[in-house]
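Inspection log for the structure reproduced underneath, given as structure tokens.
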Amino acid sequence: MSEETIFLRIVRGEIPADIVYQDDLVTAFRDIQPQAPVHILIVPNEPVPTAAEVEPSHEPALGRMFTVARRLAEQEGIAEDGFRLIVNCREHGGQEVAHLHMHLLGGRPLGPMLSRRA
Ligand code: DGP
């Protein structure tokens, strides 16, 4: 998979996004097609294509993604009621962008974790 995804270009500031947090390891920005009142994507600045390719060297960034998710959930006012964190992986996981990303979703009851098979 190519490393030159749209998310890498957002991390680098090359294309616009509603960035809500950025530090040395991760960047968080609002999803362009929100599926809940709060829908933020948290990505490692150094691209990892998918969750199937994570290595021990990625642990600092992956751990930071969780602490940033907590911080943003509090900032967005969804921590108390609760929220959902999702990482889709490859084709069966429904991953569209090959730069690992965590979805932070909340602001309403989110329903069952998986839609039922037809
Ligand atoms: P996934 O299916 O897990 O790969 O989710 C990809 C998400 O990325 C999807 O919810 C839509 C979002 N997205 C795709 N392109 C862009 C973009 O250019 N900007 C922003 N902010 N979000 C994007």
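Both ligands and their constituent atoms are indexed starting at 1 by order of listing. Remember, predicted model here, so these are calculated numbers, not experimental data.
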Practice item. Begin with the C-alpha distance, continue with both residues' side-chain angles, and end with the deciding distance and a verdict on side chain to side chain contact (heavy atoms under 4.5 Å, CB included) for L104 and L85. Key: CA-CA 5 Å; L104 167 62; L85 301 174; 3.7 Å; yes
Revision key, fill the gap. min-distance protein heavy atom vs atom 2 (O) of ligand 1 -> G94 O, 2.9 Å
Revision key, fill the gap. min-distance protein heavy atom vs atom 4 (O) of ligand 1 -> E96 N, 2.6 Å
Practice item. Report, as yes or no, whether the 6.0 Å neighbourhood of atom CZ on R108 holds more than 12 heavy atoms from other residues, nucleotides or ligands. Key: yes
Review point. Taking the side chain as C-beta and beyond, is there a heavy-atom pair between I42 and F66 under 4.5 Å?
Key: no
Review point. With a 4.0 Å heavy-atom cut-off (strictly under), which part of I15 contacts ligand 1: side chain, backbone, both or neither?
Key: neither
Point to revise | Selected option - heavy-atom contact closest to atom 10 (O) of ligand 1, from L105, D31, I6 | key: D31
Exercise for review: Please confirm whether H103 comes within less than 3.5 Å of ligand 1 when only nitrogen or oxygen atoms on both sides are compared.
Suggested key: yes
**Study point:** Neighbour count >12 (heavy atoms, 6.0 Å) for atom CD, E14
**Key:** yes
Review point. What's the verdict on side chain to side chain contact (heavy atoms under 4.5 Å, CB included) for V11 and Q22, showing C-alpha distance, side-chain angles and the deciding distance?
Key: CA-CA 8 Å; V11 168; Q22 187 164 45; 4.1 Å; yes
**Study point:** Min N/O separation Q33 to ligand 1 under 3.5 Å
**Key:** no
Check your understanding: For ligand 1, which part of I10 has a heavy atom less than 4.0 Å away: the side chain, the backbone, both, or neither?
Key -> side chain
Revision key, fill the gap. the protein heavy atom lying closest to atom 8 (O) of ligand 1 turns out to be F7 CZ, 3.3 Å
Review point. Between atom CG of L72 and atom CE of M65, what is the distance when rounded to the nearest 0.5 Å?
Key: 11.5 Å
Check your understanding: Among protein heavy atoms, which sits nearest to atom 5 (O) of ligand 1, and what does the distance come to when rounded to 0.1 Å?
Key -> H101 NE2, 3.2 Å
Revision key, fill the gap. Quick note on ligand 1: atoms under 4.0 Å from a heavy atom of N88 include exactly 1 (P), 2 (O), 3 (O)
Check your understanding: Going by the atom numbers of ligand 1, which of them fall below 4.0 Å from some non-hydrogen atom of V97?
Key -> 4 (O)
Point to revise | Close-contact set for ligand 1 against F29 heavy atoms, below 4.0 Å | key: 21 (N)
**Study point:** Residue among H58, R64, H99 satisfying side-chain contact (heavy atoms from CB on, under 4.5 Å) with P44
**Key:** H99
Study note, to complete from the structure: Looking only at protein heavy atoms, what sits closest to atom 21 (N) of ligand 1 is R30 O, 2.9 Å
Point to revise | Residue pair L100 / E53, side-chain heavy-atom distance below 4.5 Å | key: no
Practice item. Among all protein heavy atoms, pick out the one at the shortest distance from atom 22 (N) of ligand 1; state its residue, atom name and that distance to 0.1 Å. Key: I32 N, 3.2 Å
Point to revise | Interfacing atoms of ligand 1 (cut-off 4.0 Å, heavy-atom, Q95) | key: 4 (O)
Exercise for review: Mark yes when over 12 heavy atoms from residues, nucleotides or ligands other than R70 sit less than 6.0 Å from its CZ; otherwise mark no.
Suggested key: no
Check your understanding: Looking at H103 versus H101, is the centre-to-centre ring distance below 6.0 Å?
Key -> yes
